[in-house]
Amino acid sequence: MKEMWDKKAESYTRFTGELSEFQKIFFAKLKELGVEFEGKSLIDVGCGTGVHTLYLAGLCSRVIGVDSSEGMLKVMREDAEKFGIKNLSVVQSDFESFSSFERYDIAFCTMSPAISGKDEFSKFISLGVKRVRLWWHKPRFSSVLNRFYEIFGSKNKSPKPDGLEEFLLERKIEFKSCILNEERLAVRSLDEAAQNVSWHLRMDDLPTDENFIRNELLKLERNGVIEEKILSSMKLSVF
């Protein structure tokens, strides 16, 4: 699995110094829910290439980024240097193996499968005074990927809701939550689209014949690019 994420790092979204439209909505909603980052210590679990981590480093007193993928962390280090970010520490580790004697002001995790069960929930809670988690509310829709799922008679196996709220209710841990939706258009070259489709099919244990994928994508190509409509529904939880 780590190798798959290392491969994905080559084309994964990077920190640009500017917030995307969705990130603006996301951080505004966090402020509404009472999360303040200024001057705080923060640990970002499953930080990836640091699209949130590096932004938060500009607000927090210090930030720890944890991820199992060497490729993802390599990108984050490069961008931290590019933007002169000095208050960031990086730990390469899967969450199961990660240990810390420190409790941070904020434990933060967005769209990472690193936290996906009761043991991980408990460990994540122990890391922060306040915890922020963004995860799927519904499986993501992709106009391109869904075409391939239909061809293979399969369903989108993207992560489903994982029972965090039920876990919090069982343990009488107070939380606030809301649904955030995003609609965006990804525009890719044939090579970029083929790489993206192949990666997702591998993650779902579906066939990844390169010629077949490219031939199917050619049917969608217009003016030298392939447009992919993506609809995402995510649940933001603060506890």
Set of side chain to side chain contact (heavy atoms under 4.5 Å, CB included) partners for [X], sequence neighbours left out:
X	result
Asn223	none
Glu150	none
His137	Ile179, Ser233, Lys235
Asp191	Ser189, Arg214

Hey, are the side chains of [X] and [Y] touching, using non-hydrogen atoms and a 4.5 Å cut-off?
X	Y	answer
Trp135	Ile115	no
Trp199	Trp5	yes
Asp44	Ile64	no
Glu182	Arg140	no
Ser61	Lys40	no
Val238	Phe175	no
Ser232	Phe22	no
Tyr149	Asp204	yes

Between Phe26 and His52 (judged by ring centroids, cut-off 6.0 Å), do the two rings come close enough to count as a pair?
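Yes, ring centres under 6.0 Å apart.
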With a 6.0 Å cut-off on ring centres, are Phe15 and Phe83 close enough?
yes
Tell me the closest heavy-atom pair linking [X] and [Y], and the distance in Å.
X	Y	result
Arg103	Gly128	NH2-O, 3.2 Å
Leu42	Cys60	CB-SG, 3.9 Å
Ile226	Val144	CG2-CG2, 4.1 Å
Val45	Ser112	O-CB, 4.0 Å
Gly65	Leu88	N-CD1, 4.2 Å
Thr49	Leu54	O-CD1, 4.3 Å

Run through the side-chain heavy atoms of Ile, Leu, Val, Met, Phe, Trp and Tyr, join any pair under 4.5 Å, and report what else lands in Leu185's cluster.
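For the cluster that includes Leu185, the remaining residues are Val187, Val225.
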With sequence neighbours left out, write down each residue that passes ring-ring contact (aromatic ring centres under 6.0 Å, His included) with [X], or none if nothing qualifies.
X	value
Phe95	none
Tyr104	none
Phe141	none

Going by salt bridge (Lys or Arg N to Asp or Glu O under 4.0 Å), name the pairs with one or both residues in residues 61-77, residues two or more places apart or in two chains.
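Qualifying pairs, neighbours excluded: Arg62-Glu102, Lys74-Glu78.
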Arg133: side-chain hydrogen bond (donor to acceptor under 3.5 Å, both in side chains) partners, not counting sequence neighbours
Asp162
side-chain hydrogen bond (donor to acceptor under 3.5 Å, both in side chains): pairs with one or both residues in residues 121-130, sequence neighbours excluded
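Output for this query is empty, none listed.
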side-chain hydrogen bond (donor to acceptor under 3.5 Å, both in side chains): which pairs involve residues 79-94, sequence neighbours left out?
Arg14-Asp79, Asp94-Ser97
Measure the CD-CZ distance between Glu227 and Arg188 for me, rounded to the nearest 0.5 Å.
11.5 Å
Less than 4.0 angstrom from a charged side-chain N to a carboxylate O is my criterion; do Lys31 and Glu36 meet it?
no
